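Side chains are part of it too, since the values below use all heavy atoms of this structure and drop only hydrogens, waters and symmetry mates. Bear in mind that the values here come from a model prediction, so they are computed numbers and not experimental data. Sequential numbering from 1 along the given sequence is applied to the chain's residues.
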Amino acid sequence: MSPHADGRRPARRTAAAGVPLALIAALIAAGPAMGAPSGEARVVRTATLGDIPLGAFSNRLLPGTVADDRGVDLGGIGSDIYPTGRKGEFWTVTDRGPNGQIKVAGTKRRTFPVPGFDPAIVKIRVSGDTVKVLDAIPVTTSSGKPVTGLPNQQGRDEAPYDYNALTALSYNPNGLDTEGIVRASDGTFWLVEEYGPSLVHVSARGKVLTRYAPKGLNLTGTGYPVVEALPSVLLHRKINRGFEGLAQLPGGDLVLAVQSPLSLPDTDAGEASRTTRLLRFSPKRKTVTAEYAYRLDPVNVVDPSEDDTSELKISSVVAAGGDRLLVEERTDKAARLQLVRLDRSSNILGGTWDDDTTSPSLEQLDDPAASGVPVLAKKPVVDLGTVAGVPGKIEGVARVDHDTLALINDNDFGMTDGAGAFDADGRLVDSGVETTVTYVRLPRGL
């Protein structure tokens with residue numbers, strides 16, 4: 001399938017003064033490339049995804065799934081980016097679809113304005129200043145039905161509501177909040193998602209082959225096999241902060257990144273912690289073979305404008321040769337890339353830190369290394385917050401060559417939180433944030 005914009009509104013928004021945003025983006029990209037000192041990272045290319053009505057996109061993949069897209073365009077493909085092997089082409093993946101939060105009677109409710117949306121693997125090409133959709137693959141159950149992006153379990157996941165937060169929606173055990181993507185040598189895909197959190201093996205045409213979940217999740221009623229092969233401590237993941245980063249090492253092993261520190265033993269401990277976890281999974285053995293403690297930098301180091309530690313997260317991990325890994329630490333406004341090596345001596349799998357009765361927990365330690373935890377050593381690569389032309393909320397990072405990275409942002413389908421996200425007719429009030437692919441050249445490479 002090759003979905004394209006098909007006439008609901010112009011394919012390019014324009015700035016207030018009438019200057020095309022594509023031209024502005026090109027000027028922004030050209031500025032740092034021309035003016036930045038040769039020893040600094042710089043943007044060398046920026047491309048933008050045009051407007052593709054979400055209903056048309058979804059119904060071409062799975063006819064009849066979206067009755068009303070409420071004026072939302074295709075977005076959210078910036079959950080991750082992975083090279084196809086052809087110049088300028090990448091695999092990307094959407095998240096669970098348009099969603100937001102609205103307060104009702106003082107309580108935040110999670111909204112799903114297009115509940116029929118089904119997560120999709122989207123193949124794109126960067127062509128000039130444009131991101132073109134080449135192909136799209138819906139993620140489905142074993143029988144080909146949409147998995148949807150709806151939450152799985154009452155009491156564990158946020159309750160889903162319609163666009164105005166007044167009508168409750170049903171939970172769906174098949175639902176996936178997909179985030180990371182890699183493609184295996186046999187043409188199948190591996191995804192990570194936030195609800196379980198889980199690792200999902202998907203066929204070349206999008207059918208879920210197996211969903212690997214934490215021991216004790218007890219997810220029933222799915223239209224695909226679920227295998228509890230991950231450590232049970234992951235059941236303490238923060239809501240909406242499960243697995244977000246996924247990398248494929250040269251030998252085929254996968255590395256999964258928990259987006260934020262676990263809520264262990266409670267929410268307050270997780271919100272205050274700077275220690276999260278990476279897992280190594282062997283597709284051949286179908287099991288986790290290692291676990292690593294990863295220490296995030298202080299929030300005001302990652303983002304000088306932020307003082308809330310809970311805003312720290314890992315959104316992308318990228319294989320960098322051998323057992324080296326590029327890790328993105330970010331807030332919604334800034335990001336830094338660090339290089340780590342996954343050495344055997346740092347493996348904490350199956351030890352005391354996987355026991356959720358351990359006190360203090362790994363997440364509660366003020367200085368894990370001083371307490372004997374083999375925390376991964378980090379080497380700073382680039383502070384993207386200081387590189388002119390890099391947008392906010394970068395969730396996907398890919399290597400283009402030895403000294404160039406491709407970054408993709410999550411535009412949240414143009415949605416914002418609050419009752420003002422939709423007008424009186426139930427149509428989206430678009431945030432104006434576009435999906436962009438930004439190439440950044442590093443002065444020393446990787």
Side-chain angles (χ1 to χ4, degrees), residues 156 179-180 192-199 212-218 227-247 249 253-282 285-299 302 309-310 312-315 317 323-325 327-329 338-378:
R156 174 169 171 77
E179 294 292 347
V192 288
E193 67 88 40
E194 305 223 44
Y195 288 138
S198 31
L199 172 68
Y212 296 93
K215 296 173 183 176
L217 181 63
N218 298 320
V227 176
E228 294 187 354
L230 309 182
S232 61
V233 72
L234 297 174
L235 295 175
H236 295 276
R237 64 97 176 94
K238 180 180 177 180
I239 287 178
N240 201 27
R241 298 282 185 90
F243 291 138
E244 180 138 316
L246 178 65
L249 299 176
D253 278 3
L254 305 172
V255 180
L256 299 62
V258 183
Q259 185 179 9
S260 295
L262 301 177
S263 297
L264 193 63
D266 53 31
T267 298
D268 288 345
E271 297 282 86
S273 180
R274 291 196 288 117
T275 306
T276 189
R277 305 176 188 227
L278 307 178
L279 280 79
R280 185 168 182 158
F281 182 90
S282 168
R285 297 168 56 185
K286 297 179 173 57
T287 189
V288 175
T289 60
E291 179 183 356
Y292 309 95
Y294 185 93
R295 186 75 168 163
L296 296 156
D297 282 346
V299 67
V302 177
T309 296
S310 70
L312 286 170
K313 58 202 79 170
I314 292 176
S315 274
V317 287
D323 282 339
R324 297 189 310 157
L325 196 70
V327 180
E328 182 206 7
E329 302 180 21
Q338 306 275 357
L339 194 64
V340 300
R341 186 179 297 277
L342 306 176
D343 59 275
R344 293 183 179 181
S345 63
S346 298
N347 186 4
I348 63 170
L349 181 66
T352 186
W353 308 116
D354 277 349
D355 182 348
D356 61 10
T357 66
T358 297
S359 184
S361 68
L362 174 62
E363 288 69 23
Q364 288 178 303
L365 299 177
D366 290 333
D367 187 345
S371 298
V373 180
V375 177
L376 290 174
K378 305 189 302 186

Any donor-acceptor pair under 3.5 Å linking the side chain of [X] with the backbone of [Y]?
X	Y	result
E193	S198	yes
R274	P261	no
S361	L264	yes
T276	S260	yes
D354	T352	no
E228	K215	no

Side chain proximity check, [X] to [Y], heavy atoms < 4.5 angstrom:
X	Y	value
L199	L279	no
L234	F243	yes
V192	L254	no
F281	L230	yes
Y292	L325	no

- Message: Working note: R280 + D323, criterion salt bridge (Lys or Arg N to Asp or Glu O under 4.0 Å); need CA distance, chi angles, decisive distance, verdict.
- Response: CA-CA 11 Å; R280 185 168 182 158; D323 282 339; 3.4 Å; yes
- Looking only at non-hydrogen atoms, find the nearest pair between A229 and V288 and report the distance. O-CG2, 4.0 Å
- Note on the structure: For A272 and T309 the tightest heavy-atom approach is O-CG2, 3.6 Å
- side chain to side chain contact (heavy atoms under 4.5 Å, CB included) assessment of V373 paired with T275: CA-CA 11 Å; V373 180; T275 306; over 6 Å; no
- Item | Spatial distance of atom CD (E194) from atom CD (E179) [nearest 0.5 Å] | 4.5 Å
- Query: If you draw a 6.0 Å radius around CG in D366, do more than 12 non-hydrogen atoms from other residues or ligands fall strictly inside?
  - Reply: no
- Message: Please determine whether salt bridge (Lys or Arg N to Asp or Glu O under 4.0 Å) holds for the pair R295 and E329, giving the CA-CA distance in whole Å, both sets of side-chain angles, and the decisive distance to 0.1 Å.
- Response: CA-CA 10 Å; R295 186 75 168 163; E329 302 180 21; over 6 Å; no
- Step by step, would you call L235 with L217 a side chain to side chain contact (heavy atoms under 4.5 Å, CB included)? CA-CA 7 Å; L235 295 175; L217 181 63; 3.9 Å; yes
- Task: Check R241, R237, E244 against P197 for a side-chain contact (heavy atoms from CB on, under 4.5 Å) and give me the one that passes.
- Result: R237
- Task: Kindly indicate, with the supporting measurements, whether the criterion side chain to side chain contact (heavy atoms under 4.5 Å, CB included) is fulfilled by V302 and L296.
- Result: CA-CA 9 Å; V302 177; L296 296 156; over 6 Å; no
- Run the numbers on W353 and L365 for side chain to side chain contact (heavy atoms under 4.5 Å, CB included), then give the verdict. CA-CA 11 Å; W353 308 116; L365 299 177; 3.7 Å; yes
